[in-house]
Amino acid sequence: MAEEVFSQRTTTCGSLTKADNEAKVILNGWVHRDRNHGALHFINLRDRYGITQVVVDDDASEELQAVANELHLEYCIAVTGTVRLRPDSMINPEMVTGEVEVKADKIEILSKCAPLPFQIDDGNEPREDLRLKYRFLDLRTQGMQKRMKLRHDFVFACRKFLSARDFYEIETPTMIKSTPEGARDFLVPSRIYPGKFYALPQSPQLLKQILMVGGMDKYFQIARCYRDEDARGDRQLEFTQLDLEMSFVKRDDVLSLMEELFGSVFKEVMDYDLPLHFRRLSYMDALNTYGCDKPDLRFDVELHDVNDLAQKSSFATFKDIVSQGGYVKALCAPKSDSVEFSRKYITALEDAAKIYGAKGLAWIKVGENNTFTGGVSKFFVGLEDELASEVGAKEGDMILFVAHENWKKCCASLSAVRTKLGKDLNLIKKSFEFCWIIDFPLFEYNEEAGHWEAAHHMFSMPQVEYLDTLEQDPGSVKGDLYDLVLNGYEVASGSIRIHDVELQKRIFRICNFDDKEAEERFGFLLNAFRYGPPPHGGIAPGIDRLVMIMAEQTSIHEVIAFPKNTAAISPMDDSPSLVDQQQLDDLHLIINYPKPKE
RNA sequence: GAGGGUGUAGCGAAGCUGGUUAUCGCGACGGCCUGUCACGCCGUAGAUCGCGGGUUCGAGUCCCGUCACUCUCGCCA
């Protein structure tokens with residue numbers, strides 16, 4: 001087949017300046033705008049690097065005029081021409097290349113473009129499912145181009161930083177053994193071994209630990225992870241982690257490394273200065289103060305424990321909950337210019353609290369000299385100063401309470417109110433507020449299953465003071481675990497790992513895996529641990545979420561080239577899809593379709 | 001598995017307590033236009049108002065169901 005010839009670009013659409021005056025150039029790109037004045041034609045030609053104005057003058061040949069008249073938006077073309085300065089009054093200060101234009105001598109249409117399903121960069125953003133179906137067009141928008149660059153810059157900066165710190169980038173398999181904890185696995189049927197399956201990794205957790213046993217010392221990987229769970233704005237079934245692990249380290253080594261990494265990367269990628277060290281909050285303090293383990297520290301509203309005051313009040317509902325061992329927590333909504341604390345708004349706040357289990361949201365408006373009005377104020381007569389001082393309320397503020405017998409639900413409900421207030425009252429400052437959450441509980445009791453399970457995963461080291469008493473009170477055991485939180489999102493999670501066979505087996509037993517089952521499922525790890533495993537630990541920042549936050553977006557779809565939608569479908573290629581019977585036969589699979597609903 | 005929101009022309013939107021022929025901007029198509037830069041001007045086509053049912057003299061509008069998308073709870077070590 002003959003090679004197709006076209007006029008190949010000599011420069012890009014973002015690079016020409018005054019200095020290039022009179023240069024002969026060839027540009028390749030897409031028709032971004034086309035302003036036709038009859039005998040005079042302006043074309044904004046776009047590529048990844050920018051936009052340059054191409055002019056077809058009135059002295060153009062008939063052939064050139066004809067081609068120019070044939071152009072439509074998003075035609076892919078090659079322009080051969082001469083750079084010239086624009087007349088002073090025609091300079092466009094909004095454009096990087098606004099001082100020059102290219103007078104076209106020849107235009108070649110490299111490929112035509114069908115009528116567009118939506119317009120590119122016209123200010124009206126189409127619905128997301130349409131954007132995803134035509135992702136190749138969506139990717140041409142300035143926003144997507146910028147975000148893909150940001151993501152590249154971020155990953156590249158991480159690679160440079162870690163490489164300079166003696167990390168090896170090592171790939172681990174994407175088809176591995178299914179392990180029975182955590183999220184639901186994606187399974188890959190084996191053709192060669194009927195009835196057997198590989199699993200796609202939920203993370204390379206065990207593999208990186210075994211790399212440490214293998215003496216790799218410091219490892220990282222840009223690792224794709226797969227979890228078969230329902231999607232959200234900040235998660236989907238496949239995502240990417242900066243997975244890393246180090247030998248001979250303690251917790252603070254991992255935390256400092258990450259502080260240095262993010263300090264370096266944010267500076268390099270965004271010219272943003274992070275503090276040398278990030279704030280550290282224990283899990284308990286985070287819940288008590290902010291109501292959740294991923295607090296948004298861009299604003300200051302804090303939760304307060306007001307059990308004592310609730311007990312002293314005359315409000316029977318609060319007193320009953322406290323006397324039954326429950327909790328009453330309060331926060332102060334600061335006076336706001338943007339939102340009036342109307343009945344309607346308080347109901348909206350209450351709805352936010354109810355999602356997380358609160359039965360109601362009690363409120364008091366604070367007036368001059370701590371006079372209380374409305375809501376439950378009548379039950380706090382005589383306690384005004386004490387309560388206002390406890391929650392830090394001033395004139396014009398509103399105090400909001402959640403009472404619940406369950407501490408976590410109490411926290412979570414009021415935390416939802418806090419988050420809503422932050423948004424609605426414009427309390428959130430534009431910044432990147434990292435913090436560490438440490439001292440997580442190692443185990444959680446699963447009521448449904450009737451046994452303890454790992455709150456994080458089963459390979460995290462218990463803190464040393466609990467080592468002798470793990471089995472007696474698993475609920476009280478704290479682990480050497482840490483999460484990194486940024487602006488209300490969990491962006492990394494890690495731990496110091498167990499590297500002792502016996503200790504690992506004890507953890508398995510507490511989580512209801514007897515030695516036989518542990519050996520079946522995790523034998524390869526236990527076996528490795530028999531051969532001189534080093535103490536080790538690591539962490540795995542989520543790249544999608546981090547880049548999303550850096551790009552000031554609220555959905556990871558905005559920083560993934562080809563995301564799945566919330567129904568786990570890829571609208572562009574229409575996956576998942578049915579396969580041929582022959583493929584099923586090869587894999588020894590029979591589909592057991594669910595019965596249709598009545 | 002559950003709840004909220006959205007669905008009107010190719011795209012983005014308006015359409016009030018139900019009432020003539022369902023608007024507007026962009027785009028498409030045809031024409032005009034010599035300095036635009038979201039060019040401008042004139043004209044044309046384009047919508048079973050997501051789908052199905054109901055209430056009503058009359059439904060884009062109200063009710064029920066259903067589908068799609070989206071946010072959230074559950075779930076996500």
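Here is how names work: the chains are called A, B, and so on, in the same order as the sequence lines, proteins then strands, and each is numbered from 1.
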- Task: Round to a whole Å and report the spacing from CG of N36(A) to C1' of G30(B).
- Result: 13 Å

- Between C71(B) (C1') and N565(A) (CG): distance, integer Å: 13 Å

- Message: Classify H72(A) by what it touches in the nucleic acid, base, sugar-phosphate, or nothing, heavy-atom distance under 4.0 Å.
- Response: sugar-phosphate

- Item | Closest to side chain of M90(A), choosing from C73(B), U36(B), C11(B) | U36(B)

- Task: Please check the phosphate of C37(B) (OP1 and OP2 only) for any side-chain N or O of N92(A) closer than 4.0 Å.
- Result: no

- Item | Separation of C76(B) C1' from K564(A) NZ (nearest whole Å) | 17 Å

- Task: Provide the distance between the two P atoms, one in C76(B) and one in U6(B), to the nearest whole Å.
- Result: 31 Å

- Task: Assert yes or no for the condition that the ring centre distance of F459(A) to F522(A) is strictly below 6.0 Å.
- Result: yes

- G18(B) to C75(B) separation - C1' atoms, rounded to the nearest Å: 43 Å

- Item | Spacing of the C1' atoms in C41(B) and U34(B) (rounded, Å) | 16 Å

- Other residues, nucleotides, ligands: >12 heavy atoms within 6.0 Å of K103(A) NZ: yes

- Item | Aro-ring/base stack F42(A)-U36(B), d under 5.5 Å, angle under 30° | yes

- Message: Check this for me: does the side-chain of E125(A) come within 3.5 Å of the base of G12(B) through a donor and an acceptor?
- Response: no

- Message: Need one value for I51(A): base, sugar-phosphate or nothing, where a base atom within 4.0 Å counts as base even if backbone is also close, heavy atoms only.
- Response: nothing

- Message: Regarding Q504(A) and R509(A), do their side chains bring together a donor and an acceptor under 3.5 Å, going by distance alone?
- Response: no

- RNA chain B: 5'-proximal contact among F118(A) and D57(A) (nearest heavy atom): F118(A)

- Query: When we call it a touch if two heavy atoms are under 4.0 Å apart, what does G233(A) touch: a base, just sugar-phosphate, or nothing?
  - Reply: sugar-phosphate

- Message: Once hydrogens and angles are ignored, does a donor-acceptor distance under 3.5 Å link the base of C75(B) to the side chain of R235(A)?
- Response: yes

- Task: Tell me what S493(A) touches on the nucleic acid: a base, only sugar-phosphate, or nothing, going by heavy atoms under 4.0 Å.
- Result: nothing

- Hey, does the side chain of R131(A) come within less than 4.0 Å of C11(B)'s phosphate (OP1/OP2), counting only N and O? no

- Distance test, side-chain N/O of R35(A) to OP1/OP2 of C39(B), below 4.0 Å: yes

- Query: Any side-chain N or O of R86(A) under 4.0 Å from OP1/OP2 of G35(B)?
  - Reply: no

- Message: Is it the case that G27(B) (base atoms only) and R33(A) (side chain only) share a donor and an acceptor within less than 3.5 Å, ignoring hydrogens and angles?
- Response: no

- Answer for the Watson-Crick or wobble partner of G7(B), both distances under 3.5 Å, is C67(B)

- Have a look at E444(A) and say if it touches a base, only the backbone sugar-phosphate, or nothing, with a 4.0 Å heavy-atom cut-off. nothing

- Message: Given G35(B), G12(B), A28(B), identify the nucleotide with an atom nearest to the side chain of P87(A).
- Response: G35(B)

- Rounded to whole Å, CD1 of I569(A) lies from C1' of C67(B) at a distance of 12 Å

- Winner on side-chain proximity to M95(A), out of C11(B), U36(B), C37(B), is C37(B)

- How far does the C1' atom of G12(B) sit from the matching atom of G27(B), given to the nearest Å? 11 Å

- Item | Partner nucleotide, any strand, of C49(B) [Watson-Crick/G-U, under 3.5 Å] | none

- Among the nucleotides G35(B), C39(B), A28(B), whichever has the atom closest to the side chain of Q53(A) is G35(B)

- Query: Any idea which of C37(B), U34(B), C11(B) is nearest the D58(A) side chain?
  - Reply: U34(B)

- Item | Atom CD of Q142(A): over 12 foreign heavy atoms under 6.0 Å | no

- If you pin I355(A) and L116(A) to their nearest nucleotides in RNA chain B, which one's is more 5'? L116(A)

- Message: Of the listed nucleotides (C76(B), U72(B), G10(B)), which one gets closest to any side-chain atom of P117(A)?
- Response: G10(B)

- Task: Between C39(B) and G58(B), how far apart are the P atoms? Round to whole Å, please.
- Result: 49 Å

- Just checking, is any N or O donor in the side chain of T172(A) or Q221(A) under 3.5 Å from an acceptor N or O on the other one? yes

- Message: Whether the side chain of E229(A) and the base of G74(B) hold a donor-acceptor pair under 3.5 Å is what I'd like checked.
- Response: no

- Message: Any strand counts, and the cut-off is 3.5 Å on both contacts for Watson-Crick or G-U wobble. Which nucleotide pairs with C16(B)?
- Response: none

- Partner of U61(B) by Watson-Crick or G-U wobble geometry, both contacts under 3.5 Å, or none? none

- Query: Under the criteria of a ring-centre distance below 5.5 Å and an interplanar angle below 30°, is H37(A) stacked with the base of C39(B)?
  - Reply: yes

- Task: Rounded to the nearest angstrom, tell me the gap between atom CG in D544(A) and atom P in C76(B).
- Result: 20 Å

- Opposite nucleotide pairing with A2(B), Watson-Crick or G-U, both atom distances under 3.5 Å: U72(B)

- Task: For R127(A) and G10(B), give me the distance from atom CZ to atom C1', rounded to whole Å.
- Result: 14 Å

- Query: Using purine N1 to pyrimidine N3 plus N6-O4 or O6-N4 for Watson-Crick, or N1-O2 and O6-N3 for G-U wobble, both under 3.5 Å, which nucleotide pairs with C41(B)?
  - Reply: G31(B)

- Query: Can you tell me if NZ on K133(A) sees more than 12 non-hydrogen neighbours from other groups inside 6.0 Å?
  - Reply: no

- Item | Euclidean distance for C1', A2(B) against C26(B) (whole angstrom) | 40 Å

- Give the rounded distance in Å between these two atoms: CD of E128(A) and C1' of U6(B). 14 Å

- Distance in angstrom units between N124(A) CG and A9(B) P, rounded: 14 Å

- Least distance between heavy atoms, V55(A) atom then D57(A) atom: CG1-OD1, 3.5 Å

- Item | C1'-based separation of A59(B) from U17(B) [nearest Å] | 14 Å

- Message: Students often get this wrong, so: under 4.0 angstrom with heavy atoms, is A455(A) touching a base, only sugar-phosphate, or nothing?
- Response: sugar-phosphate

- Quick check: are there more than 12 heavy atoms from other residues, nucleotides or ligands sitting under 6.0 Å from OH of Y466(A)? yes

- Message: At 4.0 Å (heavy atoms only), tell me whether R545(A) reaches a base, stays on the sugar-phosphate, or touches nothing.
- Response: nothing

- Query: Contact class for P115(A) (heavy atom, under 4.0 Å): base, sugar-phosphate, or nothing?
  - Reply: nothing

- Whether over 12 other heavy atoms sit under 6.0 Å from D473(A) CG: yes

- Message: Taking atom types as they are modelled, would you say the side chain of D351(A) forms a donor-acceptor pair with the base of G4(B) within the 3.5 Å cutoff?
- Response: no

- Task: Examine the side chains of Y290(A) and D296(A) and answer whether a donor and an acceptor come within less than 3.5 Å of each other.
- Result: no

- Message: Give me the distance, rounded to whole Å, that separates C11(B) from C71(B) when you measure between the C1' atoms they each carry.
- Response: 23 Å

